[in-house]
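Notes follow once the structure below has been shown.
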Amino acid sequence: MADREYNFNDIEKKWQKIWEEKKSFLSRVNKSKQKFYLLEMFPYPSGRIHMGHVRNYTIGDIVARHKRMKGFNVLHPMGWDSFGLPAENAAIKNNTPPFKWTSENIENMKEQLKRLGFSYDWSCEIGTYKPDYYKWNQWIFIKMLEKGLAYKKVSSVNWCPDCMTVLANEQAENGVCWRCDSEVVQKELEQWFFKITDYAEDLLAGHNEIEANWPEQVITMQRNWIGRSTGVKVNFKLESGEDFPIFTTRPDTVFGVTFMVIAPEHPLLNKISDPKVQEFIKKVKSQSMIDRTSEDKEKEGIDTGLKIINPFNGERVPLYVGNFVLMGYGTGAIMAVPGHDVRDFAFAKKYNLPIKIVIDIPSSPLKLEEMKTAYTDEGVCVNSGEFTGMNNLEAIEKIAEYAEKNSIGKKMINYRLRDWGISRQRYWGCPIPIIYCDKCGEIPVPEKDLPVILPTDVDFKGDAHSPLTRMPEFINTTCPHCGGKARRETDTMDTFVDSSWYYARFTSPDSENIFDKEKADYWMPVDQYIGGIEHAVMHLLYARFFSMILYDLGLLNNREPFTKLLTQGMVIKDGAKMSKSKGNVVDPDEIIQKYGADTVRLFMLFASPPVKDLEWSDKGVEGSFRFLNRIWRFMQKHRELYIKDYSINHEQLSIEQKRLRIELHRTIKLVSHDIEERMQYNTAIARMMELINALYSIPEDELYTDTGKNVFSEIVDKFLPLLNPIAPHFTEELWETFGNKTLLADSEWPAFDEKLTVRDEIEIVFQINGKIKSKVNVSSDITEDEMKKMAYENQKISELIAGKEIVKVIAVQGKLVNIVIR
RNA sequence: GCCGAAGUGGUGAAACUGGUAGACGCACCGGACUCAAAAUCCGGCGGAGGCAACUCCAUAAGGGUUCGAUUCCCUUCUUCGGCACCA
């Protein structure tokens, strides 16, 4: 019998076909089995799979395959986040309708994913651009409208002039568009919003539930983004007697207020006619987000001429407009305490405003003339009326209480988080189900009329304007209320809406409802979610928000959608993330062609642990390929040794055979631990390499005996399933080579015998004062006392301790003896 | 500026609760096989010293705790990530 070549291309296609025919990865609700829902962030169908996808989905696939072998009923679905701008840009460029472009991309990418042998249940496939999916976006929108969680308002919004659309705050960080990096400008528009701020507390509280199983970094980023701060809303007064409320987290400094500042957008300013003030406001408003929030932002302001009265001490202070005060936070106005706030200090210095010390250090009092900046640390209240002498931390609470008791203020919590603006002035997205009637106003599309279908036969006319705005057949409709003429909303939803609940749809993708409650109850929540860290705030926050809404609508049983989260690192080449612009992209197809999918998968897992960045290395891929070939050759060469029904009496084995067998059981133990507990696949693979090295080290005639055959057979039976989740085609093929008729995909995860995981002989170390002086091999069942005895008897050790005072002796079972001498 | 993570050979990385630093791989060097090369198999591979068995040094730098520190604590440096007028 000639040894067969490792012909990965044929082998991989063969097994992919078999898995498909046998429906090996089909997931069905089965209440007698424990479920495991594994989800990887679904891709945007941009055209081709990139290495980042390969890495993400390889990590997911090893989890899915391993869990199946451990007896779990696994749901492992895949779909397409298929609305979004690139489809429109492609349409404008080569006049291909976005529907066609997207559908073709999906087909191509699906083939690529299949070629990698991922164990998806393709019967669950969803595409967010399909009406039976986005219908439920619209349905949720209407539910949210009913609950007051969706609303429309005119607001200053982030506008990307290149994408010609509005962006959410989360998408316009640092004043640039998250997609194209263009400078974002502010524009007044009427927009639909989701009231995510109503869920700020819930989103924070939920962190406690998931904290242990989410990366700390993601939780921290979300916490910072929500930005909860507790403080007091204090009612200052205008001279006219009108309330002038401000928010402060430092009520302990309220006696130190020497001026007030309001945002340029503040409505009070409409009353000011001073042309200098109006000019200043105009100037600030015309600045872009970048200018206004840039690094070396200069604090600027101008006196409005108005005076404000401090309710705590009756002092009259001037009111300024300042470019650094934000209308969107608190009340759009602040009390300025230059003595104890760094920004206020700088502003006061610039405009020659008075500075007052109200918190001091008794041991070394502050000197106003010597202060270079505000004093913001702890201290004792001074010049603070009845609070003088109190520790300032204590005063925060006491002054807040005083304000409430005297009706001059109220304790309040503020968030950095803003409501989620979801209107997009773009075509390729889910239509917002609203009808505008001149008589009846904004009317939601009735449930029975859903979905509002996005027309797919569109003409882009080569520009970025949404074709919907020039399609009367889409726009013109009748009012569901009065039956009169009405028009449809032409804005579409932010595509992040699509991905905020897709995990639930996967549980029943053909449902006539949003999803089948029974199926969702069985599968949800997602047990393990895997994706990139770049979604830490946007997607993962929105998805949690939606999950909570669905819970509150009685549709889901859990508030938190993702029990465990793994954020995998990037794929790096030559020190930078693979990207077209850097020209350091490696095409997965080429590598698969050259080495096969199993090698690519193996390399992706071996080169680095999942959470860290992975440095691409052509040589490293070759190394992974070599490892598979090494196994292949050995197994092919000795395949006649395999006995299906072997039995082993450990005591009858030769020393070499025993050692090899112990290596096998150790490997199973360590690999299981690495995969199950640690999700660290690089070390799991390293262990398997050690086993193969041990296999090559044993003299061949040790295998060609009756007991040797049994040992070899056990290795085949247990090692192949162990490697199967990583190199599924390769191991199925070898498994078949040995005459097995079953699929490894259906087999159980190998068990190990704890007794066989301990090597018979181990090396222990003798130390003097913590320094290694001697190493010896001993039987692994040695006791601590025996170890100590051996240490004293050791020639080298006894020489070194001769005549010295022994302070103490530490023995660590199976590891070392340390003798401390003086 | 604030918050967080990381820094280990030529290189990707191991060392999971403090206990033999560098497992496993890549690169490199040597050997076997070959007419030769490739592939493969075997061996070596942190630095310094020594013919040698061995000795000393070494986990960004410095200090501390400990019998013992890559691991815990403090200081400093560097890199990466997040937040950044949030009152």
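Convention: sequence-line order gives letters A, B, ...; per-chain numbering from 1. All values below come from the heavy atoms of this structure, side chains included, with hydrogens, waters and symmetry mates left out.
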key: R633(A) and Q636(A): side chain donor to acceptor below 3.5 Å   = no
task = Taking atom types as modelled, find out whether R416(A) and N224(A) have a side-chain donor-acceptor pair closer than 3.5 angstrom.
result = no
key: Closest non-hydrogen atom pair between P311(A) and N235(A), with its separation   = CG-O, 3.3 Å
task = Report the C-alpha distance between K594(A) and E622(A) in whole Å, list the side-chain angles of each, state the deciding distance to 0.1 Å, and finish with yes or no for salt bridge (Lys or Arg N to Asp or Glu O under 4.0 Å).
result = CA-CA 10 Å; K594(A) 207 165 162 192; E622(A) 274 177 45; 5.4 Å; no
key: Salt-bridge criterion met for E216(A) and R223(A) (N-O under 4.0 Å)   = no
key: Which nucleotide in C86(B), C41(B), A14(B) has an atom nearest any side-chain atom of P609(A)   = A14(B)
key: Ring-face cation of R630(A) near Y696(A) (centre distance under 6.0 Å, axis angle within 45°)   = yes
ask   = Taking atom C1' of U79(B) as reference, at what distance in whole Å does atom CD1 of I572(A) sit?
value = 13 Å
inquiry  = Quick check on contacts: within residues 329-350 of chain A, what sits under 4.0 Å from RNA chain B by heavy-atom distance?
reply    = Y329(A), I334(A), R343(A)
Distance-only donor-acceptor test, N224(A) side-chain atoms vs C83(B) base atoms, 3.5 Å = no
remark   = Regarding the side chain of A607(A), the nearest nucleotide among C67(B), C16(B), G12(B) is G12(B)
task = Run the salt-bridge test on E300(A) and K283(A) with the 4.0 Å N-O cut-off and return the result as yes or no.
result = yes
remark   = Taken to the nearest whole Å, CG/D252(A) to P/A87(B) is 13 Å
query = For S229(A) and N414(A), does a side-chain donor sit closer than 3.5 Å to a side-chain acceptor?
reply = no
inquiry  = Using atom C1' in both nucleotides, what's the gap between G82(B) and A60(B) to the nearest angstrom?
reply    = 23 Å
inquiry  = In whole Å, measure the gap between the P atoms of C24(B) and A37(B) for me.
reply    = 29 Å
Whole-Å C1' distance, G47(B) and G10(B) = 13 Å
message = Could you check, using the six-membered ring where one of them is a Trp, whether F8(A) and Y595(A) have ring centers closer than 6.0 angstrom?
response = no
message = Any salt bridge linking E799(A) with K773(A)? Criterion: basic side-chain nitrogen under 4.0 Å from a carboxylate oxygen.
response = no
task = Kindly indicate whether the side chain of R633(A) and the base of C41(B) share any N or O donor-acceptor pair separated by less than 3.5 Å?
result = no
remark   = Side-chain contact check for S608(A): nearest option of A13(B), A84(B), C57(B) is A13(B)
key: Aromatic ring pairing Y351(A)/F347(A), orientation class (parallel under 30°, perpendicular over 60°, tilted between)   = tilted
request  = May I ask you to evaluate whether R223(A) reaches the phosphate of G82(B), defined as a side-chain N or O under 4.0 Å from OP1 or OP2?
outcome  = no
query = Reckon Q222(A) has a side-chain N or O less than 4.0 Å from the OP1 or OP2 of G4(B)?
reply = no
message = Salt bridge or not between R659(A) and E702(A)? Use side-chain N to carboxylate O under 4.0 Å.
response = no
query = In whole Å, what separates the C1' atom of C41(B) from that of G4(B)?
reply = 49 Å
request  = Encode nucleotides 20-33 of chain B as B, S and - characters from 5' to 3', where the letter depends on protein heavy atoms closer than 4.0 Å: B to the base, S only to sugar-phosphate, - to neither.
outcome  = BS-BBSSS------
task = Select from L670(A) and T220(A) the residue whose nearest nucleotide in RNA chain B is closer to the 5' end of that strand.
result = T220(A)
message = Rounded to whole Å, how long is the line connecting atom OH of Y415(A) with atom C1' of C83(B)?
response = 19 Å
inquiry  = Just the rounded figure in Å: distance from C1' of C54(B) to CG of L800(A).
reply    = 13 Å
query = Say you pick atom C1' in A23(B) and the same atom in A13(B); how far apart are they, in whole Å?
reply = 10 Å
message = Going by the glycosidic torsion and a 90 degree boundary from 0, is the base of G9(B) oriented syn or anti?
response = syn
ask   = Taking everything shown except K804(A) itself, do over 12 heavy atoms lie less than 6.0 Å from its NZ?
value = no
inquiry  = So that I can tick it off, tell me whether E315(A) and K356(A) are bridged by a salt bridge, with the cut-off set at under 4.0 angstrom between side-chain N and carboxylate O.
reply    = yes
remark   = Given Watson-Crick and G-U pairs under 3.5 Å, RNA chain B in dot-bracket ([ ] crossing, | other strand) is (((((((..(((......[....))).(((((.......))))).((((....))))..(((((..]....))))))))))))....
remark   = Looking only at A13(B), A87(B), A5(B), the nucleotide nearest the E216(A) side chain is A5(B)
remark   = Separation of C54(B) atom P from K796(A) atom NZ, nearest Å, is 7 Å
message = Output the rounded distance in Å from NZ (K637(A)) to C1' (U40(B)).
response = 11 Å
inquiry  = I need the NZ-P distance between K788(A) and G19(B), as an integer number of Å.
reply    = 19 Å
note = Rounded to whole Å, CG of N769(A) lies from C1' of U66(B) at a distance of 13 Å
inquiry  = Please give the distance between the C1' atoms of G1(B) and G46(B) as a whole number of Å.
reply    = 40 Å
ask   = Quantified in whole Å, what is the P atom distance between nucleotide C73(B) and nucleotide C26(B)?
value = 37 Å
task = Assign K773(A) to base, sugar-phosphate, or nothing according to its heavy-atom contacts below 4.0 angstrom with the strands shown.
result = sugar-phosphate
ask   = Between U66(B) and A61(B), how far is it from one P atom to the other, in whole Å?
value = 23 Å
Nearest-neighbour nucleotide for the K771(A) side chain, C85(B), C57(B), A87(B) considered = C57(B)
